[in-house]
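In this chain, numbering begins with 1 at the start of the sequence shown. Note: hydrogens, waters and symmetry copies are ignored here, and every other heavy atom, side chains too, is used. The shown structure was predicted, so the numbers you read here are calculated from the model rather than taken from an experiment.
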Amino acid sequence: ISLKEDAINSYKKKAIEMGIAASTGDLIITTDADCIVKPTWLSVIENFYKKTGSVFIVAPVVIEANPSFVQIFQSLDFMMLQGITGASVYKKVHSLCNGANLAYEKKAFIAVNGFTGIDHIASGDDMLLLYKIHKSFAGRIQYLKSKDVIVSTQAEKTWKTFFNQRIRWASKADKYNDKRIFPVLLLVYLFNFSLFILFIAGWWNSFYWYSLLILLAAKTLIELPFLFSVSTYFSKTNLLKYFFFFQPLHIIYTIIAGWLGKFGSYEWKGRRVK
């Protein structure tokens with residue numbers, strides 16, 4: 001399949017559409033070019049599909065990291081996101097997923113007119129599609145929690161490519177029609193931004209630093225037990241020793257990526273995207 005360099009803004013969605021149009025099977029299973037899957041990947045997803053009758057299946061993804069600072073940070077951050085994804089889909093509270101490990105019925109994709117209506121958005125071939133299918137097939141979206149289908153992907157090698165990736169993800173935050181998600185994303189962003197404001201204000205009045213410490217303690221008490229559970233599932237509890245060290249960096253990165261995702265642009269796969 002070859003794409004022409006034209007005016008489209010989402011080459012990945014276009015490629016997926018062309019792939020689905022050329023397919024002959026009933027179930028579309030997606031991953032990314034830089035991912036590694038297990039030998040059991042397809043068979044377990046197929047059996048789960050036949051057993052549950054799901055029209056959309058969300059499955060786990062893990063980042064494999066080398067000992068570098070930037071890659072360990074990504075692995076921890078991504079594990080947290082994956083834990084939230086699994087819990088949200090299982091509890092049916094949010095439409096979250098990652099295109100590196102998805103499966104959906106071809107007829108469901110066709111029934112919702114594929115990426116029509118979201119094809120102008122550079123990102124979102126996963127979550128935006130999930131919500132479209134959710135609206136037509138509520139109750140038939142499930143999370144497949146099995147170590148036999150975990151897909152591994154490599155961490156970005158530099159801070160620049162890492163931020164470009166996260167800005168790309170953040171750029172679709174206000175594009176979700178699922179109104180359950182945006183308030184949560186906004187709350188998370190404002191919470192992290194408030195921590196930064198308290199740090200700055202503390203240089204004038206130390207009271208704000210005490211408030212900052214209280215909020216940081218609350219943040220840690222909520223996140224750490226959850227991350228411990230998720231890291232145990234992915235067999236990566238050895239990374240937890242970096243958790244406290246990365247807390248300030250996580251706050252800063254959330255603020256920057258969220259802001260640039262809304263008001264900036266990013267470079268991805270050699271293309272500059274707004």
Side-chain angles (χ1 to χ4, degrees), residues 30-32 34-38 41 44 57-91 93-102 123 126-127 130 142-159 161-170 172-173 181 184-185 187-189 191-192 216 218-258 261:
T30 72
T31 189
D32 291 333
D34 57 351
C35 291
I36 297 174
V37 303
K38 298 184 177 182
W41 182 55
V44 173
I57 299 168
V58 182
V61 183
V62 67
I63 285 182
E64 298 296 341
N66 64 28
S68 71
F69 190 77
V70 61
Q71 294 203 11
I72 292 173
F73 177 78
Q74 288 176 71
S75 187
L76 276 170
D77 177 62
F78 194 76
M79 273 196 296
M80 179 70 80
L81 294 175
Q82 279 293 295
I84 294 170
T85 295
S88 296
V89 176
Y90 177 74
K91 292 292 186 179
V93 293
H94 294 125
S95 304
L96 301 176
C97 62
N98 188 290
N101 201 2
L102 291 181
S123 186
D126 41 24
M127 289 175 57
L130 170 57
Q142 297 197 45
Y143 186 80
L144 173 50
K145 184 183 178 183
S146 170
K147 292 189 175 184
D148 293 327
V149 297
I150 293 177
V151 167
S152 300
T153 186
Q154 293 299 310
E156 297 298 326
K157 294 180 174 58
T158 67
W159 287 107
T161 55
F162 165 65
F163 268 95
N164 269 307
Q165 181 190 63
R166 293 306 198 265
I167 292 169
R168 178 171 63 95
W169 292 358
K172 58 189 176 185
I181 296 180
V184 176
L185 295 176
L187 178 62
V188 170
Y189 184 84
F191 177 79
N192 282 277
L216 281 175
K219 181 176 184 290
T220 300
L221 288 173
I222 293 171
E223 290 180 351
L224 187 57
F226 181 72
L227 186 58
F228 176 79
S229 176
V230 177
S231 63
T232 300
Y233 171 71
F234 286 115
S235 302
K236 291 188 175 295
T237 53
N238 61 305
L239 298 182
L240 289 179
K241 59 180 176 285
Y242 300 100
F243 174 78
F244 296 99
F245 178 71
F246 281 135
Q247 279 284 50
L249 179 58
H250 185 265
I251 295 168
I252 296 171
Y253 126 76
T254 300
I255 295 171
I256 295 175

Polar side-chain atom of T30 near backbone of G99 as donor-acceptor pair, under 3.5 Å: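 Between the backbone of G99 and the side chain of T30 there is a qualifying donor-acceptor contact (under 3.5 Å).
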N101 side chain to T31 backbone, donor-acceptor under 3.5 Å: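 No, the answer is negative, given that no donor and acceptor are paired below the 3.5 Å cut-off.
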Short side-chain donor-acceptor distance under 3.5 Å, K219 and Q247: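 Yes.
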Donor on one side chain, acceptor on other, T161 and T158, under 3.5 Å: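 T161 vs T158: donor-acceptor pair found between side chains.
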Report, as yes or no, whether the 6.0 Å neighbourhood of atom [atom1] on [X] holds more than 12 heavy atoms from other residues, nucleotides or ligands.
X    : atom1 : answer
F191 : CZ    : yes
K38  : NZ    : yes
K241 : NZ    : yes

At their closest point, which heavy atom of [X] faces which heavy atom of [Y], and how far apart are they?
X    : Y    : result
P60  : S146 : CG-O, 4.0 Å
I72  : A65  : N-CB, 4.0 Å
Y189 : I255 : OH-O, 3.1 Å

Ring geometry between W159 and F162 (parallel below 30°, tilted from 30 to 60°, perpendicular above 60°):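 Taking W159 first and then F162, their aromatic rings stand perpendicular (interplane angle over 60°).
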Is the closest side-chain heavy-atom distance between [X] and [Y] below 4.5 Å?
X    : Y    : result
K147 : S235 : yes
N66  : Q71  : yes
V151 : W41  : yes
L227 : L240 : yes
F69  : F246 : yes

Without placing hydrogens or testing angles, list every side-chain donor-acceptor pair under 3.5 Å for residues 78-89, not counting sequence neighbours.
{"from": "Q82", "atom 1": "OE1", "to": "V61", "atom 2": "N", "distance (Å)": "2.8"}
{"from": "T85", "atom 1": "OG1", "to": "L81", "atom 2": "O", "distance (Å)": "2.9"}
{"from": "S88", "atom 1": "OG", "to": "I84", "atom 2": "O", "distance (Å)": "2.8"}

Pair listing, salt bridge (Lys or Arg N to Asp or Glu O under 4.0 Å) test, anchored in residues 64-89, at least two apart: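 Listed once each, the pairs are E64-K236, D77-R166.
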Distance in Å, [X] [atom1] paired with [Y] [atom2], rounded so as to fall on 0.5 Å steps:
X    : Y    : atom1 : atom2 : answer
D34  : S152 : CG    : OG    : 11.0 Å
I150 : F234 : CD1   : CZ    : 5.0 Å
N192 : Y253 : CG    : OH    : 9.5 Å
I63  : L239 : CD1   : CG    : 11.0 Å
H250 : E223 : NE2   : CD    : 6.5 Å
I222 : L224 : CD1   : CG    : 11.5 Å

Ring centers of Y143, Y90 separated by less than 6.0 Å: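 Between Y90 and Y143, which both carry aromatic rings, the centre distance is not below 6.0 Å.
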is_close_aromatic(Y242, F73), centroid dist under 6.0 Å: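 Not under 6.0 Å, so no.
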Partners passing salt bridge (Lys or Arg N to Asp or Glu O under 4.0 Å) against D32 (at least two apart in sequence or in another chain):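 Result, salt bridge (Lys or Arg N to Asp or Glu O under 4.0 Å) vs D32: K12.
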Steps toward side chain to side chain contact (heavy atoms under 4.5 Å, CB included) verdict (V58, Q142): CA-CA 6 Å; V58 182; Q142 297 197 45; over 6 Å; no
Trace of the side chain to side chain contact (heavy atoms under 4.5 Å, CB included) decision for D126 with L102: CA-CA 8 Å; D126 41 24; L102 291 181; 3.7 Å; yes
